[in-house]
Amino acid sequence: MPELPEVETTRRGLEPVMKGKTIAKVTVNRRDLRTPLPKSFEKTVGGQKVKALRRRAKYILIDLANGQSILAHLGMSGSMRVMKIKQYERLTHDHVIFHLGGDTLIVFNDPRRFGLIDLLKTSDETQHPLLSHLGPEPLSKDFNAAYLKAALAARKAPIKPVLMDQKLVVGVGNIYASEALFLAKIHPQTPAHEVAKHAATLVKMIQRTLEAALKSGGSTLRDYKQATGESGYFQHSFNVYERRSEPCVACDSTIVHITQAGRASYFCPTCQPHNYLPKKPRISKA
DNA sequence: ATATATCCCTGCGCGC
DNA sequence: TGCGCGCAGGGATATA
């Protein structure tokens with residue numbers, strides 16, 4: 001579940017280790033990630049100095065001296081960890097290993113292979129098909145009340161899956177969408193256009209949630225680890241996520257779990273009341 | 001154009 | 001104890 005806080009935490013962990021260093025060589029244990037690792041990957045990356053590490057949405061970009069960049073996505077179970085050669089023991093899903101000059105390794109591990117590693121031919125990430133359609137960064141000034149208000153006005157789908165749409169805003173995934181809606185006191189099933197008037201609150205709460213998670217090094221549920229190998233600890237600060245049947249931290253009501261667009265949503269029925277009625281009345285089965 | 005379903009993949013927890 | 005099944009989920013893609 002790496003979302004923006006987990007990806008940014010990973011980038012921050014890699015930066016001091018990789019920046020200015022040379023990637024002496026690359027070992028590939030398997031190429032069939034979500035998209036196949038490019039045939040030229042080892043050759044393109046080997047011997048290159050790392051100029052900078054950036055993040056766009058849930059992607060990490062590693063800029064190389066030759067003008068190309070490594071593009072990495074952690075999917076939902078991926079991690080990049082820093083290791084010393086001496087202490088390294090190969091784990092089952094260590095797919096790609098970057099050998100830095102000296103005795104340091106960067107290991108890309110991804111059990112479910114929903115993640116990927118690719119090459120970006122120029123420093124202009126908008127040229128890559130996976131990055132060309134992305135919306136604004138949630139912590140940038142481009143993501144503001146006026147923008148969100150206009151964007152929500154055109155949407156009839158429930159607000160929660162809309163917040164996870166990377167064309168609307170990037171970096172918000174299943175965990176932080178539920179958490180931000182709790183803080184904004186908005187029911188996850190409310191049609192998006194009905195909460196356009198609360199755009200300012202939503203912007204504030206999305207940013208507050210992501211920034212708090214960043215301070216905690218992200219959330220570790222199952223697989224995610226920081227580059228240092230440590231777990232994040234924002235999961236201890238969840239108000240609703242994975243708290244089905246537990247008491248609301250604000251009002252003691254029981255947290256409810258529903259499925260929306262195939263994803264788990266959690267909310268407090270008292271703090272986040274319905275403000276609309278379904279069009280079709282439910283017919284009870286006797 | 002948006003909205004929803006389907007698929008990718010592995011690990012884990014559950015029930016028998 | 002062990003095995004099979006269902007679920008989890010980011011995001012691309014297909015379909016309505």
Side-chain angles (χ1 to χ4, degrees), chain A residues 1-10 29-37 55-60 71-80 90-96 108-118 125 128-135 137-138 148 150-180 188-196 206 210 213 218-225 231-232 235 238 240-245 257-266 276 278-280:
Chain A
M1 291 119 277
E3 304 180 26
L4 184 147
E6 291 76 27
V7 176
E8 176 62 19
T9 299
T10 298
N29 292 324
R30 69 182 297 171
R31 314 189 80 85
D32 55 335
L33 310 178
R34 190 171 97 211
T35 55
L37 195 74
R55 179 191 55 75
R56 173 72 174 115
K58 300 176 191 174
Y59 295 87
I60 293 171
L71 179 70
H73 194 283
L74 301 178
M76 68 158 285
S77 61
S79 66
M80 306 261 280
R90 182 172 164 183
L91 302 180
T92 309
H93 303 290
D94 287 348
H95 304 314
V96 179
F108 175 79
N109 178 287
D110 184 10
R112 282 171 230 194
R113 281 186 286 134
F114 280 19
L116 65 90
I117 293 183
D118 199 2
E125 67 266 21
H128 194 285
L130 292 173
L131 304 179
S132 59
H133 63 281
L134 295 173
E137 287 288 330
L148 187 61
L152 294 182
R155 301 286 214 113
K156 289 178 182 167
I159 184 65
K160 196 259 189 172
V162 167
L163 289 183
M164 292 169 64
D165 181 351
Q166 303 296 298
K167 292 192 286 296
L168 185 94
V169 61
V170 302
V172 179
N174 205 39
I175 295 171
Y176 300 112
S178 274
E179 291 296 321
Q189 287 177 316
T190 312
H193 63 87
E194 290 185 21
V195 295
I206 288 167
L210 295 175
S219 305
T220 294
L221 295 184
R222 291 164 193 90
D223 303 287
Y224 167 73
K225 286 285 195 306
S231 294
Q235 64 277 13
F238 289 166
V240 290
Y241 191 77
E242 285 200 332
R243 296 197 63 241
R244 176 188 339 210
S245 304
H257 163 272
I258 57 173
T259 299
Q260 293 182 280
R263 299 290 192 281
S265 295
Y266 302 86
Y276 77 103
K279 283 175 184 167
K280 289 183 184 173

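The sequence lines fix the lettering, A, B, ..., with proteins before strands; numbering per chain opens at 1. As the structure is a prediction and not an experimental result, all values here were calculated from the model.
- Among the atoms of the strands shown, only primed sugar atoms or phosphate atoms (P, OP1, OP2) are found under 4.0 Å from some heavy atom of H133(A).
- Residues K167(A) and T92(A) both approach DNA chain B. Their nearest nucleotides, taken by heavy-atom distance, put K167(A) toward the 5′ side.
- At whole-Å resolution of the value, CG in N174(A) and P in dG11(C) are 11 Å apart.
- Base pairing analysis places dG6(C) opposite dC12(B); the two distances defining the Watson-Crick or G-U wobble pair are each below 3.5 Å.
- Evaluation of atom-type donor-acceptor distances gives no pair under 3.5 Å for the side chain of R155(A) against the base of dA3(B).
- At the heavy-atom level, A261(A) lies nowhere under 4.0 Å from the strands shown.
- The partner of dA1(B) is absent, by the rule that a Watson-Crick or G-U pair needs both atom distances under 3.5 Å.
- D118(A) pairs in a side-chain hydrogen bond (donor to acceptor under 3.5 Å, both in side chains) with only one of the listed residues (H128(A), R34(A), H73(A)), which is H128(A).
- Atom CG in L131(A) sits 7.5 Å away from atom CZ in R56(A) (nearest 0.5 Å).
- One atom, CZ of R244(A), and another, C1' of dC7(C), lie 11 Å apart when rounded to the nearest Å.
- When the P atom of dC9(B) is taken as reference, atom NE2 of H95(A) falls 11 Å away, rounded to whole Å.
- When rounded to the nearest whole Å, the span between CD1 of I159(A) and P of dT2(B) equals 15 Å.
- Distance from the side chain of A157(A) is smallest for dT4(B) among the nucleotides dT4(B), dG10(C), dG11(C).
- Regarding H257(A), its NE2 atom lies at a distance of 10 Å from the C1' atom of dA8(C), rounded to whole Å.
- For D110(A) and P161(A), each mapped to the nucleotide of DNA chain B holding its nearest heavy atom, the one lying further toward the 5' end belongs to P161(A).
- Within the structure, a side-chain polar atom (N or O) of Y241(A) is placed less than 4.0 Å from OP1 or OP2 of dG9(C).
- Using a distance-only test at 3.5 Å, with no hydrogens or angles considered, a donor-acceptor pair links the side chain of E179(A) to the main chain of V240(A).
- Distances shown here put a side-chain N or O of K58(A) below 4.0 Å from the OP1 or OP2 atom of dG11(C).
- Between the side chain of Q166(A) and the backbone N or O of M164(A), at least one donor-acceptor pair lies under 3.5 Å.
- Distance CZ (R112(A)) to C1' (dG11(C)): 15 Å, rounded to an integer number of Å.
- Between H73(A) and dG10(C) there is no side-chain polar atom (N or O) within less than 4.0 angstrom of OP1 or OP2.
- Using modelled atom types, one side-chain atom of E6(A) and one backbone atom of E3(A) make a donor-acceptor pair closer than 3.5 Å.
- dG10(C) has F114(A) stacked on its base ring, the centres lying under 5.5 angstrom apart and the planes within 30 degrees of parallel.
- The shortest distance between the side-chain N/O atoms of R113(A) and the OP1/OP2 oxygens of dT10(B) is below 4.0 Å.
- Spacing between atom CZ of R30(A) and atom P of dC9(B) amounts to 9 Å, rounded to whole angstrom units.
- Between the CZ atom of R263(A) and the P atom of dG10(C) there is a distance of 5 Å, rounded to whole Å.
- In this structure, the side chain of N109(A) does not engage the main chain of L91(A) through any donor-acceptor pair within 3.5 Å.
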